Amino acid sequence: MVQQRNPWAWVPSVSFSQGVPYVAVMMLSTVMYKNLGISNADLAFYTAWLYLPWVVKPLWSPIVELFGTKRRWTVLMQLVSGAGLAAVALTLHAPDFFRWTLVLFWLMAFSSATHDIASDGFYMLGLPIQRQQAAFVGVRSAFYKLAMIGGQGGLVYLAGELIKSSGDPAHAWSVVFALMAAGFLALCVWHQFVLPRPPDDHAHTAGGALWRDFVQTFASFFRKKDIVTTLAFLLLYRLGEAQLLKMAAPFLLDPRANGGLGLSTSDFGLVYGTIGVCALVIGGIAGGVVVSRFGLKRALMPMVVIMHVPDLVFVYLATALPAHLPLIAFCLAVEQFGYGFGFAAFMLYMVMVADGAHKTAHYAICTGFMALGMMLPGMISGWLQQRLGYQHFFIWACISTLPAFYMALKVRIPAEFGRK
């Protein structure tokens, strides 16, 4: 029998802890490096590589099954991520801080991806009744998004205020990462005591059989009908968005003399990390409602339009360079709402592709290709921006959305899929 623990004692906090390292690696690192004077080409190339652990995450999921319990992996990876956050805080004043912090962000990326594998599996073991799992799906999503808002909004705003008061970006970000480390290590200790110990949570003893099943499951994914079209859709759906997102923070923070909007780090945390993320969440909810009403087949093309056409606001911002903060916030909210709205269709398409005997594993493979579709374009985005300038770069990013429209016409979707 599962050790009785109130799910409210651990489900929200585990979901929150899934979001914190991801935000630190994928968002805070970009803002921090921009504050510390790293070029757009370097920060885009090297931070895009940090997607790699999520790309290959499905490949090492058997390791989590073979060695130790999912509970142990969950707590251990939280400890590793907390130590990584503390180490970043300690190395920011080092002469070679860029290299050392990248190594630490890589460590956190791998530990975060492994934590996702373990905690997702543990969630189903800790709440063995399907009704309980369904009841807490919204809670998990809410607390994961709360971590995004707290990280991209609150912590970036705090860093900006510390930069204003101290004049030292390295000191400001050291304080922010130290606070994150303390909070995350406290979560780790909390989970060591409050996580239940499900009797089914044990290491997989038949290692050979596990690997054979893994290979067969992996191979069956690539035998799916229209797999080439599916992979092209997964890789190209966010081709433009992947480049735009990587350069959004540098553009908003760069001084006007360099073609940027010259926002302070605090203002960036407010308009993009808080208002923007809230609009993203609202857009995702609205997208889900639309699909449930009309089905994915009918809704897909309008959702692609609503996702990508608002990217033009960055062309406007790079051309007009407005100084009115509410106008900038409104433009970013429109773009992020559209992104969230269209991304809901993308997520549901992956659910459709993964459906079948191995839906969990196949969905993980889909997310790997999704991450690859963000990683590869993101790597060259900084190089392109430095050669084109922000205005022409954002025009290029909008042109890069055209393959998504083409792929939306090519994919096959059952007429009633997603419709409630």
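Given the structure is predicted, the values throughout are model-derived calculations rather than measurements.
Judged by distance alone, with hydrogens and angles left aside, the side-chain atoms of Ser17 form a donor-acceptor pair with the main-chain N or O of Val14 at under 3.5 Å. Of the possible donor and acceptor atoms, one in the side chain of His308 sits under 3.5 Å from a partner among the backbone N and O of Tyr237. When atom types are taken as modelled, the side chain of Thr265 and the backbone of Gly160 share no donor-acceptor pair closer than 3.5 angstrom. Not a single donor-acceptor pair under 3.5 Å links the side chain of Glu335 to the backbone N or O of Cys331. No side-chain donor-acceptor contact under 3.5 Å links Asn258 to the backbone of Gly260.
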Please determine whether side-chain hydrogen bond (donor to acceptor under 3.5 Å, both in side chains) holds for the pair Thr47 and Lys246, giving the CA-CA distance in whole Å, both sets of side-chain angles, and the decisive distance to 0.1 Å.
CA-CA 9 Å; Thr47 60; Lys246 186 56 70 174; 3.1 Å; yes
Assess the residue pair Ile163 and Asn35 against the criterion (side-chain contact (heavy atoms from CB on, under 4.5 Å)); give the C-alpha distance rounded to whole Å, side-chain angles, the decisive distance to 0.1 Å, and a yes or no.
CA-CA 9 Å; Ile163 291 172; Asn35 287 160; 3.6 Å; yes
May I have the step-by-step check of side-chain contact (heavy atoms from CB on, under 4.5 Å) for Thr401 and Met307, ending in yes or no?
CA-CA 10 Å; Thr401 65; Met307 177 175 178; over 6 Å; no
Can you check side-chain hydrogen bond (donor to acceptor under 3.5 Å, both in side chains) on Thr274 and Gln152, steps first, answer last?
CA-CA 7 Å; Thr274 305; Gln152 295 186 36; over 6 Å; no
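Residue Trp106 qualifies as enclosed at atom CH2: its count of foreign heavy atoms under 6.0 Å is above 12. For Phe405, the CZ atom is densely surrounded, since the number of other residues' heavy atoms within 6.0 Å is greater than 12. Other residues, nucleotides and ligands contribute over 12 non-hydrogen atoms within 6.0 Å of the CZ atom of Arg387. Environment of NZ in Lys224: crowded, with over 12 heavy atoms of neighbouring residues, nucleotides or ligands closer than 6.0 Å. Crowding of Phe330 atom CZ: a count of heavy atoms from other residues, nucleotides or ligands under 6.0 Å not exceeding 12.
Of the residues Ser266, Ser166, Ser264, the one that meets the side-chain hydrogen bond (donor to acceptor under 3.5 Å, both in side chains) test with Glu161 is Ser266. Just one residue in the list His191, Gln18, Gln192 forms a side-chain hydrogen bond (donor to acceptor under 3.5 Å, both in side chains) with Gln78, and that residue is His191. Evaluated for a ring pair (Phe, Tyr, Trp, His ring centres under 6.0 Å) with Tyr33, the options Phe45, Phe98, Trp173 yield exactly one hit, Phe98.
Summarising the geometry, atom CZ belonging to Phe105 is positioned 15.5 Å from atom OH belonging to Tyr46; distances are rounded to the nearest 0.5 Å. How far CG of Leu235 is from CE of Met407: 9.5 Å, rounded to the nearest 0.5 Å. Atom CG of Leu195 is separated from atom CZ of Phe122 by 4.5 Å, given to the nearest 0.5 angstrom. Separating the CG atom in Leu102 from the CG atom in Leu107 is a distance of 12.5 Å, to the nearest 0.5 Å. Here Asn40 contributes atom CG and Trp383 contributes atom CH2; the two are 14.0 Å apart, rounded to the nearest 0.5 Å. Here the CG atom belonging to Leu325 is positioned 5.0 Å from the CG atom belonging to Asp267, to the nearest 0.5 angstrom.
Considering only heavy atoms from C-beta on, Leu245 comes within 4.5 Å of Gln336 through its side chain. Taking 4.5 Å as the limit, every side-chain heavy atom of Phe314 sits out of range of all side-chain heavy atoms of Met247. A heavy-atom distance below 4.5 Å is found between the side chains of Val411 and Leu300.
The residues Asp254 and Lys34 are annotated as salt-bridged, a charged nitrogen and a carboxylate oxygen being separated by less than 4.0 angstrom.
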